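These notes are about the structure you will find just below.
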Protein chains: 2
Amino acid sequence: MTIKEVCEKYDITADTLRYYERVGVIPTVTRTAGGIRDYQESDIGWVENAICFRDAGMPVEMLIEYVRLFQEGDSTIDARAALLKEARETIIEAKKKYDIALEKLDYKIGRYEIAQKTGELTWD
Amino acid sequence: MTIKEVCEKYDITADTLRYYERVGVIPTVTRTAGGIRDYQESDIGWVENAICFRDAGMPVEMLIEYVRLFQEGDSTIDARAALLKEARETIIEAKKKYDIALEKLDYKIGRYEIAQKTGELTWD
DNA sequence: ATACAACTTGGAGCTAACTCTAAGTCAAGG
DNA sequence: CCTTGACTTAGAGTTAGCTCCAAGTTGTAT
């Protein structure tokens, strides 16, 4: 799979894909004889995970650390498991904050809907 | 309430509070005769909302726009309601991404726990 | 064989959101 | 009154995460 196809599949720019590889968010991608990226299933898997975790707000630095540990081999299994658990806690905390904001928003939106119906605004 | 007290209450730096005010994330804060910030209930309310929505990933630019509309008066009620609804959608979408990442994490963590028990690693 | 688009690398540039610095002002304790 | 520490502003600097650019290479279609 070419870089272009991966871009289109995941709606991400080629620059970002190359950046992820360069800094180590994903391991080095397979190349053709000519040196052109030719994404294999496993490369795609890393890309998918990277995008998924970045979308959940995980810092690039954490993904780099995970890849680094992964490449170090089986001796880092505990460290990787710990990293993943930490990431889970972070995401759960972030989600709580999103829920609080949603509550606040729903309350405000409700107030605005009353204001729009009555033409009166009596707060905030 | 002094800037220091607000910092401590919300675990945020004074620099950030001043920055929020400067760029318009919150309206201008009440001052003492000497020109020192003296946060009133309403100022605190704005601070609380700003922190809450920033924590939910809303861009500073959007908060500035809301404050701008608010200060323009009742003629902007529809625009403000629309802004809040857009924010709600954005947050709901973001939360979905967080859930997908959580699922992936839980799956991976499960696999690591098996690996840690058996001492074997057969994937990834 | 020759265009010509799409790829490559290394490195510079950009944006959002702070964060820090300098030079000065205010206010509480002695 | 004087010191000392927290406050003020304007503006410069920093960090994360891309995003763009230049100069050169590869691969496909005539």
Side-chain angles (χ1 to χ4, degrees), chain A residues 1-40 43-44 46-47 49-68 87 90-91 94 97 101, chain B residues 1-40 43-44 46-47 49-68 87 90-91 94 97 101:
Chain A
M1 214 175 186
T2 68
I3 198 167
K4 194 170 198 202
E5 288 164 340
V6 178
C7 289
E8 280 160 8
K9 181 163 183 191
Y10 295 104
D11 192 31
I12 187 177
T13 69
D15 273 319
T16 300
L17 279 174
R18 284 189 283 252
Y19 163 73
Y20 281 174
E21 187 179 346
R22 179 152 45 109
V23 301
V25 164
I26 59 173
T28 306
V29 170
T30 312
R31 307 291 154 115
T32 64
I36 293 192
R37 286 174 184 79
D38 181 24
Y39 291 80
Q40 306 302 308
D43 298 317
I44 305 273
W46 283 105
V47 168
N49 284 337
I51 293 170
C52 176
F53 294 132
R54 283 292 303 123
D55 280 349
M58 279 189 59
V60 159
E61 201 48 60
M62 200 174 222
L63 303 181
I64 292 171
E65 176 68 2
Y66 183 83
V67 170
R68 200 186 62 70
T90 306
I91 292 176
K97 300 228 170 133
Chain B
M1 214 175 186
T2 68
I3 198 168
K4 192 168 198 202
E5 287 164 340
V6 178
C7 288
E8 281 161 6
K9 181 164 182 187
Y10 294 104
D11 192 30
I12 187 179
T13 70
D15 273 320
T16 300
L17 279 173
R18 283 188 285 252
Y19 163 73
Y20 281 174
E21 186 179 349
R22 179 152 46 110
V23 299
V25 164
I26 58 173
T28 305
V29 171
T30 313
R31 307 291 154 115
T32 64
I36 292 189
R37 285 175 184 80
D38 180 25
Y39 290 80
Q40 306 301 308
D43 298 317
I44 304 274
W46 282 105
V47 168
N49 283 337
I51 293 170
C52 175
F53 294 133
R54 284 291 303 122
D55 280 348
M58 280 189 56
V60 158
E61 201 48 60
M62 201 174 223
L63 303 181
I64 292 171
E65 176 68 1
Y66 182 83
V67 170
R68 202 187 60 71
T90 306
I91 292 176
K97 300 232 170 127

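On a predicted model such as this, the values are computed, not experimentally measured, just so you know. Proteins get letters first, then strands, A, B, ... in listed order; numbering begins at 1 in each.
Closest to the side chain of Pro59(A), out of dT19(D), dG17(D), dC18(C), is dG17(D).
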All N/O donor-acceptor pairs, side-chain side in residues 15-29 of chain A, below 3.5 Å, sequence neighbours left out:
residue	atom	partner	partner atom	Å
Thr16(A)	OG1	Thr13(A)	OG1	2.9
Glu21(A)	OE1	Arg31(A)	NH2	3.3
Glu21(A)	OE1	Arg37(A)	NE	2.6
Glu21(A)	OE2	Val29(A)	N	3.0
Glu21(A)	OE2	Arg31(A)	NH2	2.1

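Within 6.0 Å of atom CD in Glu61(B), 12 or fewer heavy atoms from other residues, nucleotides or ligands are found, so the atom counts as exposed in its surroundings.
Distance, Asp55(A) CG to dG17(D) P: 13 Å, rounded to whole Å. Atom CD in Glu61(A) sits about 13 Å away from atom P in dC18(D), given to the nearest Å. Here the C1' atom of nucleotide dA17(C) and the CD1 atom of Ile64(B) are 10 Å apart, to the nearest Å. Here dT8(D) presents its C1' atom at 14 Å from CG of Leu17(B), a figure rounded to the nearest Å. Following rounding to the nearest Å, Met62(B) (CE) and dA17(C) (P) show an atom-to-atom distance of 12 Å.
Mapping Ala33(A) and Tyr20(A) onto DNA chain D by nearest heavy atom places Tyr20(A) closer to the 5' end of the strand.
A donor atom on one side chain and an acceptor atom on the other are found under 3.5 Å apart for Asp43(A) and Thr30(A).
The shortest distance between side-chain heavy atoms of Tyr39(B) and Thr2(B) does not fall below 4.5 Å. Looking at Leu63(A) and Arg54(A), their side chains come closer than 4.5 Å, going by heavy atoms from C-beta outward. Between Tyr66(A) and Asn49(A), the closest side-chain pair of non-hydrogen atoms is not below 4.5 Å.
When all heavy atoms of Ala56(B) and Lys97(A) are compared, the closest pair comes out as CB-O, 4.3 Å.
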Please tabulate the protein-to-nucleotide N/O contacts below 3.5 Å involving nucleotides 28-30 of chain D, giving atom names and distances.
none

Enumerate the protein-to-nucleotides 5-15 of chain C contacts in which both atoms are nitrogen or oxygen and the separation is below 3.5 Å.
residue	atom	partner	partner atom	Å
dT8(C)	OP1	Arg37(A)	N	2.6
dT8(C)	OP1	Arg37(A)	NH1	3.1
dT8(C)	OP2	Arg18(A)	NH1	2.9
dT8(C)	OP2	Arg37(A)	NH1	3.2
dT8(C)	O5'	Arg37(A)	NH1	3.4
dT9(C)	OP1	Arg31(A)	NH1	2.7
dT9(C)	OP2	Arg37(A)	NH1	3.0
dT9(C)	OP2	Arg37(A)	NH2	2.8

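Remark: Thr32(A) is in phosphate contact with dG27(D), judged by side-chain N or O atoms under 4.0 Å from OP1 or OP2. A sub-4.0 Å separation between OP1 or OP2 of dA17(C) and a side-chain N or O of Thr16(B) is absent.
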Derivation and outcome, side-chain contact (heavy atoms from CB on, under 4.5 Å), residues Glu5(B) and Lys9(B): CA-CA 6 Å; Glu5(B) 287 164 340; Lys9(B) 181 164 182 187; over 6 Å; no
Verdict with supporting geometry, Asp38(A) and Gln40(A), side-chain contact (heavy atoms from CB on, under 4.5 Å): CA-CA 6 Å; Asp38(A) 181 24; Gln40(A) 306 302 308; 3.3 Å; yes
